[in-house]
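Atoms within a ligand are numbered from 1 in the order they appear, just like the ligands themselves. Every heavy atom of this structure was used, including side-chain atoms; hydrogens, water molecules and symmetry mates were not.
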Amino acid sequence: MVLKAEIHCHIEGAASPDLVVKQAQKYGADVSGFIRDGAFVWDDFTSFLAAYDQSADLFRDEGDYARLAETYLSSLARDGAIYSEFFTSPDHAERAGLSAAAYTAGLAEGMRRAKAKTGIESRMIVTGVRHFGVESVEKAARFAARCGEPLVTGFGMAGEERFGDPEDYVRAFEIAREAGLGITVHAGEFGGWESVQSALDHFRPTRIGHGVRAIENPDLVRRIADEGVVLECCPGSNIALRVFDGFESHPFPKLRDAGCKVTLNSDDPPYFWTSLKREYEIGRDHFGMDDKALTAVTRTAIEAAYVDKKTKAALLARLDAVRPR
Ligand SMILES: Nc1ncnc2[nH]cnc12
Ligand SMILES: [Zn+2]
């Protein structure tokens, strides 16, 4: 089995419909508005976000989040993942009545349990939600900078990338950078190449969430390749959300051929009928990648990970043990 690593997945978006139904039973909530026949119901980015928010609202205490992280990471490990970096959203926890600290502690407990059971290594990237506004994104950055949880190693921004003026969000990223956190930002998913360029100029990330619409500007593609910015590509998500018509028109192969550092990720797996395993299968079936090329993607993800040097070296050694150079 090809060893895998994931660096772009939203933990709230990783909750399966079955787990969300269990949570709803626990809290006496009705999910018929966003789960039908065992699947999430949505038909565009706005209704996807609405289903995501309603599902997140059913995770309300530390134990709920520990279970969510443990369940997700254990399934990833079964699929051959040795490393996972997932996005957290203190805003969603606070909306469900839980403090950012308790939320993060619950997730960290789930991560420790999954590691003890399966060996999977994992870290958290705290995100702000762009369309929740500048104040809430700065609050998330301050939390990430000061929380003291060693498993929090990055800061990012998700949500509607066309919302707000990038300049207003610079401070949040500076707070996170000063605290030594890795920086990533969603751009070039629903926004065009200008959104990716603006994100690079304003936030100076080492990675871009999605970034695939950079393909609209060859100069920008060259810049991404030259600067070694890593693209957290999520092809299954892009096709489900109709960013591109089909895998045959997805720019992943072109970006890779142009020398951009690309990775494969599941984003919000059950919403998009995907998993990290399926994303690697998409690489094989639609992008013509063999085991060597897929292992190189895993290597890129680990090299780009926001994790200490010693852990990174151990992860790379695990990769080399399977496919010696
Ligand atoms: N695909 C996506 N794009 C932007 N924000 C998100 N939050 C969860 N999934 C997202
Ligand atoms: Zn995402």
Side-chain angles (χ1 to χ4, degrees), residues 5-16 20 34 40-57 59 68 72 76 84-93 95-96 107 123-133 136-137 140 154-164 166 169 172 182-192 195-196 198-199 203 205 207-214 230-244 250 252 262-276 278-279 282 301 304 306:
E6 178 163 75
I7 58 174
H8 187 125
C9 177
H10 303 258
I11 195 65
E12 283 80 7
S16 69
V20 174
F34 65 100
F40 290 114
V41 178
W42 56 271
D43 55 19
D44 58 12
F45 187 53
T46 305
S47 57
F48 153 68
L49 285 179
Y52 178 99
D53 289 350
Q54 289 175 85
S55 155
D57 187 49
F59 292 81
L68 173 56
Y72 181 61
L76 266 191
S84 156
E85 220 162 72
F86 60 78
F87 297 126
T88 72
S89 173
D91 281 287
H92 280 89
R95 285 175 177 213
L107 290 169
R123 296 293 184 272
M124 290 181 266
I125 300 174
V126 173
T127 57
V129 181
R130 188 163 178 156
H131 59 268
F132 289 176
S136 80
V137 175
F155 175 74
M157 184 162 69
E160 173 51 80
E161 67 178 284
R162 295 162 292 191
F163 180 93
Y169 294 90
I183 302 290
T184 177
V185 57
H186 281 59
E189 179 190 24
F190 289 99
S195 173
V196 179
S198 166
F203 310 134
R207 304 187 336 216
I208 293 273
H210 299 283
V212 280
R213 288 188 56 189
V230 173
L231 302 179
E232 302 160 4
C233 299
C234 313
S237 159
N238 294 155
I239 302 310
L241 284 166
R242 296 189 287 278
V243 176
F244 303 100
H250 194 281
F252 184 95
V262 287
T263 60
L264 288 165
N265 306 276
S266 69
D267 207 7
D268 304 284
Y271 289 85
F272 306 141
W273 311 282
T274 194
S275 61
L276 184 61
R278 175 159 152 69
E279 295 300 318
I282 290 168
Y306 303 143

Can you find a non-hydrogen atom of [X] under 4.0 Å from ligand 1?
X     : result
Gly13 : no
Phe45 : yes
Phe87 : no

Do the ring centers of [X] and [Y] come within less than 6.0 Å of each other?
X      : Y      : result
His10  : His92  : no
Phe190 : Phe45  : yes
Trp273 : Phe40  : no
Phe203 : Tyr169 : no

Shortest non-hydrogen contact from [X] to [Y]?
X      : Y      : result
Val20  : Ala15  : CG2-CB, 3.8 Å
Ala172 : Val137 : CB-CG1, 3.8 Å
Val126 : Thr88  : CA-OG1, 3.3 Å

Which bit of Asp267 gets closer than 4.0 Å to ligand 1, counting heavy atoms only: side chain, backbone, both or neither? side chain
Identify the closest protein heavy atom to [atom]: which residue and atom is it, and at what distance?
atom                   : result
atom 5 (N) of ligand 1 : Gly159 N, 2.9 Å
atom 6 (C) of ligand 1 : His10 CE1, 3.8 Å
atom 9 (N) of ligand 1 : Asp268 OD2, 2.7 Å
atom 3 (N) of ligand 1 : Glu189 OE1, 2.7 Å

For a 4.5 angstrom cut-off between non-hydrogen side-chain atoms, does Thr263 reach Leu231? no
Is the terminal nitrogen or CZ of Arg207 (NZ for Lys, CZ for Arg) located under 6.0 angstrom from the six-membered ring centre of Tyr306 and within 45° of that ring's axis? yes
So, is the end of the Arg95 side chain (NZ or CZ) under 6.0 Å from the ring centre of Phe132 and within 45° of the ring's axis? yes
Answer yes or no: does an N/O atom from [X] fall short of 3.5 Å to an N/O atom of ligand 1?
X      : value
Tyr52  : no
Leu241 : no
Ser237 : no

Does the Asn265 side chain pair with the main chain of Cys233, one donor and one acceptor, at a distance under 3.5 Å? yes
At a cut-off of 2.8 Å, what protein N/O/S atoms sit near the Zn ion (ligand 2)? His8 NE2, His10 NE2, His186 NE2, Asp267 OD1
What atoms of ligand 1 come closer than 4.0 angstrom to any heavy atom of Phe48? 9 (N)
Nearest-0.5 Å distance that lies between atom OH in Tyr271 and atom OG in Ser55: 3.5 Å
